[in-house]
Amino acid sequence: TFQYKCTFPDSDYWLGDAFIEARKKANDLLLNAHQKPRVSIIIPFYNRPEYVTDQFLEGLNDLNVHSSALEIIFVDDGSTDTTLRVLRDSVGKLRFSAKVYTQKNGGPASARNLGIRKAVGEYIYFTDSDVLRPKYWLNEHLMPFFLKPEIALAGGSQRNPNPKTKADHWRNGLVESVRKFSITNNIMSVPFDTASMCIKRGALEKMGLLYFDEKYKYILPFYSYSKR
């Protein structure tokens, strides 16, 4: 087995006063104490206890965010092995509020929807159990929302480190995602990679598009919405 690694565009893309100010606002939200979490991370699991490693947990603990600003939600999608027990044993090792929910197997879209219903954050991040997140993952994904208020969703990039394939699984970097995905009709035919993305709850609620369409396993309802 192997894990994906999220990556970000070179810093040269982010030069300029507007980007600097957006990054400052994002960091202010993430690095200050809050009475309740402002950000939620949802990670679905199905029969993957071997992925709940020390490296996986340390990567979460190393995220550049105040412990009170973040909650982590693990959703066990009806695993038939030890995944649920392993997840419950792991939450005490995290420095954030962390909860484990379980449901009858319904697929990753269903599991993410359960996570959304339980989440309290105004910004909701999605990632997968086989993804390694860099320290500034939250910061970089949050910045676009302060750069342009009309942005409702930002996606990142990930690369497959498996030397046998030598393939970048998601070539759409954060900069390109920011330019493409604002709240306009022309974005609704473009799916997002749920391994590395963030949504602004309030913006998507206004559009009636907060939840995943469970007819599709891995994408938000933008895609199916555009086909209606």
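Basis for what follows: all heavy atoms, side chains included, without hydrogens, waters or symmetry-related copies. By convention here, the first residue in the shown sequence is residue 1.
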Asks: Roughly how far apart are Leu114 CG and Lys104 NZ, rounded to 0.5 Å?
Replies: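 NZ of Lys104 is found 15.0 Å from CG of Leu114.
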Asks: Given side chain to side chain contact (heavy atoms under 4.5 Å, CB included), test Phe74 with Val52 step by step and report yes or no.
Replies: CA-CA 11 Å; Phe74 297 127; Val52 190; over 6 Å; no
Asks: Looking only at heavy atoms, which two atoms of Tyr46 and Asp77 are closest? And how far apart?
Replies: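 The pair with the smallest heavy-atom distance is CD1-O, 3.1 Å.
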Asks: Do you know the tightest heavy-atom contact between Arg133 and Asp128?
Replies: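 Smallest interatomic distance, heavy atoms only, reads NH1-O, 3.5 Å.
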Asks: Walk me through whether Val39 and Glu71 qualify under side chain to side chain contact (heavy atoms under 4.5 Å, CB included).
Replies: CA-CA 6 Å; Val39 170; Glu71 68 170 351; over 6 Å; no
Asks: Output the distance between atom CD1 (Ile42) and atom NZ (Lys118), rounded to the nearest 0.5 Å.
Replies: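 If I round to the nearest 0.5 Å, the distance is 11.5 Å.
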Asks: Look at the side chain of His141 and the backbone N and O of Tyr136, then say whether any donor-acceptor pair between them is shorter than 3.5 Å.
Replies: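 No, because the side chain of His141 does not come within donor-acceptor range (under 3.5 Å) of the backbone of Tyr136.
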Asks: Consider only side-chain N and O atoms of Trp137 and Ser196, and report whether a donor and an acceptor are under 3.5 Å apart.
Replies: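 On atom types as modelled, these side chains qualify, holding a pair under 3.5 Å.
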Asks: Between Arg23 and Asp28, is the salt bridge (charged side-chain N to carboxylate O under 4.0 Å, His left out) condition met? List the steps.
Replies: CA-CA 9 Å; Arg23 176 170 284 158; Asp28 285 345; over 6 Å; no
Asks: Could you tell me which non-hydrogen atom of Asp62 sits nearest to which non-hydrogen atom of Lys135, and how far apart they are?
Replies: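 Here Asp62 and Lys135 meet closest at O-CG, 3.2 Å.
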Asks: For the atom pair CG (Leu70) and OH (Tyr123), what is the distance rounded to the nearest 0.5 Å?
Replies: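 So the CG of Leu70 and the OH of Tyr123 are separated by 14.5 Å.
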Asks: Measuring from Cys198:SG to Met143:CE, what's the distance to the nearest 0.5 Å?
Replies: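 That separation rounds to 12.5 Å.
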Asks: Could you go through Phe45 and Val75, starting from their C-alpha distance and side-chain angles, then the distance that decides it, and tell me whether this counts as side chain to side chain contact (heavy atoms under 4.5 Å, CB included)?
Replies: CA-CA 6 Å; Phe45 277 82; Val75 181; over 6 Å; no
Asks: Looking only at heavy atoms, which two atoms of Phe96 and Leu60 are closest? And how far apart?
Replies: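 Scanning both residues completely, I find the closest heavy atoms to be CE1-O, 3.1 Å.
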Asks: CD1 of Ile199 to OG of Ser40: how many Å apart, nearest 0.5 Å?
Replies: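 Going from the CD1 atom of Ile199 to the OG atom of Ser40 covers 9.5 Å.
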Asks: Please tell me if the side chains of Asn64 and Leu138 come closer than 4.5 Å, counting only heavy atoms from C-beta onward.
Replies: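 Asn64 does not reach Leu138 side chain to side chain.
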Asks: Which atoms form the tightest heavy-atom contact between Gly121 and Arg201, and what is the distance?
Replies: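 Answer, listing the atom of Gly121 first, then Arg201: O-NE, 3.1 Å.
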Asks: Between Glu58 and Asp54, is any pair of side-chain heavy atoms under 4.5 Å apart?
Replies: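 In short, these two side chains touch, coming nearer than 4.5 Å.
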Asks: Does Lys24 come within less than 4.0 Å of Asp17, counting only side-chain N to carboxylate O?
Replies: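 Salt bridge flag = no for Asp17 with Lys24.
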Asks: Does any donor atom in the side chain of Thr80 or Asn47 lie under 3.5 Å from an acceptor atom in the other side chain?
Replies: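 Judged by distance alone, the side chains do pair up.
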Asks: List the steps and the verdict of side chain to side chain contact (heavy atoms under 4.5 Å, CB included) for Ile73 and Arg112.
Replies: CA-CA 10 Å; Ile73 296 174; Arg112 292 187 180 97; over 6 Å; no
Asks: Counting C-beta onward and ignoring hydrogens, is there a side-chain heavy-atom pair between His66 and Asn32 closer than 4.5 Å?
Replies: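 Heavy-atom side-chain distance check fails, nothing below 4.5 Å.
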Asks: Sequence neighbours excluded and cut-off under 3.5 Å, please list the side-chain donor-acceptor pairs for residues 86-93, or say none.
Replies:
unit_1: Ser90; atom_1: OG; unit_2: Leu87; atom_2: O; d: 2.7

Asks: With a 6.0 Å cut-off on the ring centroids, do Tyr51 and Phe56 count as close?
Replies: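 No, too far apart.
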Asks: Is the shortest heavy-atom distance from the side chain of Leu30 to the side chain of Lys25 under 4.5 Å?
Replies: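 The answer is no; the side chains never approach within 4.5 Å.
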Asks: Show your working on side-chain hydrogen bond (donor to acceptor under 3.5 Å, both in side chains) between Arg48 and Ser129 and close with a plain yes or no.
Replies: CA-CA 8 Å; Arg48 279 186 166 180; Ser129 57; 3.0 Å; yes
Asks: Give the minimum heavy-atom separation between Arg95 and Leu63, together with the two atoms involved.
Replies: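 Smallest interatomic distance, heavy atoms only, reads NH2-O, 2.8 Å.
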Asks: Answer with yes or no whether the side chains of Asp76 and Ser79 bring together a donor and an acceptor at under 3.5 Å.
Replies: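 Note: Ser79 and Asp76 side chains meet the donor-acceptor criterion.
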Asks: Determine whether Ile116 and Phe126 make a side-chain contact, defined as any pair of heavy atoms from C-beta on separated by less than 4.5 Å.
Replies: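 In short, these two side chains touch, coming nearer than 4.5 Å.
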